[in-house]
Amino acid sequence: MSTRPASGSRRSTGRTAAPKSSKKPIARAPQTENGSATSKAMIHVSGAAAAEPALAFGSSWVYAPSPEATDHVKIDKRYELFVGGRWQAPLSGRYFDTISPSTEEKLAEIAEADERDVDRAVKAARVAYDRYWSKLRPIDRAKYIYRIGRAIQEKSRELAIVESLDGGKPIKESRDVDVPLAASWFFYYAGWADKLAYAFPGRNVRPLGVAGQVIPWNFPLLMAAWKLAPALACGNTCVLKPAETTPLTSLLLAKIIEEADLPPGVVNVVTGAGKTGAALVGHPDVDKVAFTGSTLVGKRIQKAIAGTAKKLTLELGGKAANIVFEDAPLDQAVEGIIGGIYFNQGHVCCAGSRLLVQEGVHDVVVRKLKDRMASLRVGDPLDKNTDVGAINSKMQLDKIKELVESGDREGAERYSAPCELPKRGYWFAPTFFTHVSQSHRIAREEIFGPVLSILTFRTHDEAIEKANNTMYGLSAGIWTDKGSKIFEVAQKLRAGVVWANTFNKFDASSPFGGYKESGFGREGGRQGLLAYLEVE
């Protein structure tokens, strides 16, 4: 999932000018002897292709390094499981390493929970539910939840740095998007905790019990907030299982919960890989399962709990269509395209990975897109000038490369941003393909990386048909100057969220979720409460 706040706090995009410097940037367009950019773009004039120079940036995009200081951040050498309000060594006796994808350096050892550890966590959550949390006054639950949100704000710098170190995303995205949104989710649902009767007038509501929550590696802190905040507000207790490649911010959140003095066992954090998650999903005393991740794993979870009384919500993969009509504000649309696919290295479920461009403006959009990509800086996630950070893991990088190679084999034309990639770590240059057909794998499968597939259309009916021609249905984008066209097209798109003349805007008060193989259920807003309540 990708994300930006709806208003106010915006992530820095590196679009504005900065002090010039002669120091070498992290990554930049190739330079001539006099320092001007040499990138070329093909502009079609009256059906003939003529080579003309793209925008000459000169030294305008040569930024001095601006690394975020890390001396105030302490990452422990080893992290245990957070169970029953205490840090406990795993009964399995096993640990695994979490590494920084930008440097391949070990950050910490993480406890690996087995079935016995998961059982211990679920039992602690059940005791906490029966003895404390379900009996606590809603207004008091709200105070605890609000306290967590305030602590996230107070520790925002530390959380942002650790998120970028462990996940590879640029610090300006962690700092300006992930952390503020995570805090806002706790604040928002703290407000609902004592107002559940007003959320569903004339209905009786009660919590479900123990929630088992499995979150992905692309937005670790934010996804933890998306899961925990509404569950706690509704009176449930939780067992959270973060992704094995990005567990650190979930463990720091557990420390915040410990400091907030929540009753022991209300929130438990068990770390590990797929077996740990499977043990949590399959535990007989879990009342609710919430999962964000791949469609394949989501299907396995659905099969695993079939025939049980467990409630389930799934937020799965996507292959979003970002539709640009010929009457769209093209410069604004190009910014939306860039943010829609290269934000967080494309590690976003709702990324606009399929660009549908009306034929009349296709060549102009492609040229503008190349010019804009020449200004993207790829490199150190902790550098505040970086636009595109490291790929989360070698496994994910290999998957991206395999799908990109399939695009080459199937005849699509590849263009990658002109940049020099760091020698250590996992990196992939921002890339797009033209001459893509709907039968290409890159147009059908979720790449989950900084790779865009560009297709064309002539009429808005054709755009709708192509946009809906996917097994996914998580999100979509529309770019046009005509409001009536926005409403007409949006109503016909089979997507849970449709953005108009923007992309990746999020707010705690707005529900998010998908259709078809992108999952079911909603997170965020009043609708997000339904996932954690029995409503009669």
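This chain uses plain numbering: 1 for the first residue, then up along the sequence.
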Output for pair (Gln213 CD, Asn236 CG), nearest 0.5 Å, gives 8.5 Å
By ring-ring contact (aromatic ring centres under 6.0 Å, His included), Trp133 pairs with (sequence neighbours left out) Tyr144
Worksheet item: So, Thr431 side chain and Val451 main chain: donor-acceptor pair closer than 3.5 Å or not?
Response: no
Item checked: Backbone of Leu355 reached by a side-chain donor or acceptor of Asn322 within 3.5 Å -> no
What pairs of donor and acceptor atoms, side-chain ones from residues 246-261 against any protein atom, are under 3.5 angstrom apart with sequence neighbours left out?
{"unit_1": "Thr249", "atom_1": "OG1", "unit_2": "Glu163", "atom_2": "OE1", "d": "2.6"}
{"unit_1": "Lys255", "atom_1": "NZ", "unit_2": "Asp76", "atom_2": "OD2", "d": "2.8"}
{"unit_1": "Glu258", "atom_1": "OE1", "unit_2": "Trp87", "atom_2": "NE1", "d": "2.9"}

Quick note, side chain to side chain donor-acceptor pair (under 3.5 Å) partners involving residues 300-314, not counting sequence neighbours, are Lys288-Thr313
Flag the pair Asp117 and Arg120 as a salt bridge only when some basic side-chain nitrogen lies within less than 4.0 angstrom of an acidic carboxylate oxygen. yes
Taking atom types as modelled, find out whether Tyr188 and Trp192 have a side-chain donor-acceptor pair closer than 3.5 angstrom.
-> yes
Quiz prompt | Check: Val289 and Val286 side chains under 4.5 Å, non-hydrogen atoms | solution = yes
Answer yes or no: is there an ion pair linking Glu536 with Arg206, defined by an N-O contact shorter than 4.0 Å?
yes
Result for salt bridge (charged side-chain N to carboxylate O under 4.0 Å, His left out) between Glu517 and one of Lys299, Arg494, Arg444 points to Lys299
Residues Glu158, Lys74: salt bridge by 4.0 Å N-O rule:
no
When Asn218, Val378, Leu397, Val388 are each screened for side-chain contact (heavy atoms from CB on, under 4.5 Å) with Gln345, the one that passes is Val388
Check your understanding: Just by distance, do the side chain of Lys195 and the backbone of Gly191 share a donor-acceptor pair under 3.5 Å?
Key -> yes
Minimum side-chain heavy-atom gap Asn268-Leu240 below 4.5 Å | no
- Can you find a pair of side-chain heavy atoms, one from Val73 and one from Asp71, that are under 4.5 Å apart? no
**Asked** Any side-chain heavy atom of Ser406 within less than 4.5 Å of one from Arg441?
**Response** yes
### Query
Quick one: do the Thr98 and Asp166 side chains pair a donor with an acceptor below 3.5 Å?
yes
Residues Leu452 and Ser353: closest non-hydrogen pair is CD1-O, 3.6 Å
TODO: Considering only NZ, NE, NH1 and NH2 on the basic side and carboxylate oxygens on the acidic side, decide whether Arg137 and Asp194 come within less than 4.0 Å.
DONE: no
| message | Take a 6.0 Å sphere around NZ of Lys123 and say whether it holds more than 12 heavy atoms from other residues, nucleotides or ligands. | response | no
Worksheet entry | Side-chain donor or acceptor of Tyr189 paired with backbone N/O of Gly525 under 3.5 Å | yes
One should read off an interatomic distance between Ile99 CD1 and Leu165 CG, to the nearest 0.5 angstrom, of 12.5 Å
Worksheet item: Quick one: do Arg126 and Asp287 make a salt bridge, cutoff under 4.0 Å?
Response: yes
Residue set satisfying salt bridge (charged side-chain N to carboxylate O under 4.0 Å, His left out) with Glu105, at least two apart, ordered chain then number -> none
**Report entry** Between Phe448 and Trp217, ring centroids under 6.0 Å
**Finding:** yes
Requested in this report: May I ask you to check if Arg141 and Phe186 form a cation-pi contact, with NZ or CZ under 6.0 angstrom from the six-membered ring centre and within 45° of the axis?
Outcome: no
For Val297, is there any backbone N or O sitting under 3.5 Å from a side-chain donor or acceptor partner on Ser294?
yes
Applied to residues 91-131, the ring pair (Phe, Tyr, Trp, His ring centres under 6.0 Å) test, sequence neighbours excluded, yields none
All heavy atoms of Ser518 vs all of Gly318, minimum pair found to be OG-CA, 4.1 Å
Check your understanding: Passes salt bridge (Lys or Arg N to Asp or Glu O under 4.0 Å), Glu104 versus Lys394? Steps please.
Key -> CA-CA 10 Å; Glu104 300 180 61; Lys394 185 179 185 303; over 6 Å; no
Salt-bridge test for Glu154 and Arg150: reply yes if a basic N is under 4.0 Å from a carboxylate O, no otherwise. yes
Is Asp178 reaching over with its side chain to a backbone N or O of Leu222, donor-acceptor style, under 3.5 angstrom?
no
Donor-acceptor pair, distance only, cut-off 3.5 Å: does the side chain of Lys319 make one with the backbone of Glu445? yes
* Asked: Hey, does Val177 have a side-chain heavy atom less than 4.5 Å from the side chain of Phe343?
  -> yes
* To do: Would you mind checking if Glu173 and Lys169 are paired as a salt bridge, meaning a charged N to carboxylate O distance below 4.0 Å?
  => no
side-chain contact (heavy atoms from CB on, under 4.5 Å) test vs Val239 passes for just one of Leu280, Val269, Val83, Val267, namely Leu280
Taken in chain and number order and not counting sequence neighbours, the residues that satisfy ring-ring contact (aromatic ring centres under 6.0 Å, His included) with Phe428 are none
Rounding to 0.5 Å, atoms CD (Gln527) and OG (Ser509) come to a distance of 9.5 Å
Going by heavy atoms in the side chains, are Ile391 and Trp427 under 4.5 Å from each other?
no
Are the side chains of Leu208 and Leu533 in touch, meaning some heavy atoms are under 4.5 Å apart?
-> no
Less than 4.0 Å between a side-chain N and a carboxylate O, is that true for Lys77 and Glu109? no
In this structure, CG of Asp383 is separated from OG of Ser164 (nearest 0.5 Å) by 11.0 Å
- Item | Verdict with reasoning, Glu402 to Asp398, per side chain to side chain contact (heavy atoms under 4.5 Å, CB included) | CA-CA 6 Å; Glu402 192 270 328; Asp398 290 342; over 6 Å; no
Q) So, Ser102 side chain and Asp380 main chain: donor-acceptor pair closer than 3.5 Å or not? A) no
For Asp114 and Arg94 the tightest heavy-atom approach is CB-NH2, 4.1 Å
Thr103 side chain reached by Ser100 side chain, heavy atoms, under 4.5 Å: yes
Closest non-hydrogen contact found for Gly272 with Lys241 is O-NZ, 3.0 Å
When rounded to the nearest 0.5 Å, the distance separating CZ of Arg86 from CG of Leu81 is 11.5 Å
task: Would you check if there is a donor-acceptor pair between the side chains of Thr245 and Ser393 at a distance under 3.5 Å?
output: no
Exercise. Please confirm whether the backbone N or O of Leu376 pairs with a side-chain atom of Asp387, one donor and one acceptor, at under 3.5 Å?
Key: no
Taking every heavy atom of Trp499 against every heavy atom of Cys350, the minimum-distance pair comes out as CH2-SG, 3.9 Å
Rounded to the nearest 0.5 angstrom, the OG1-NZ distance for Thr295 and Lys516 is 11.5 Å
Correct closest heavy-atom pair for Ala320 and Phe503 would be CB-CZ, 4.3 Å
| request: Answer yes or no: is there a donor N or O on one side and an acceptor on the other, between the side chain of His440 and the main chain of Ile442, under 3.5 Å? | output: no
Note to self: If only side-chain N and O atoms count, and only distance matters, is there a donor-acceptor pair under 3.5 Å linking Thr292 with Lys227?
What the structure shows: yes
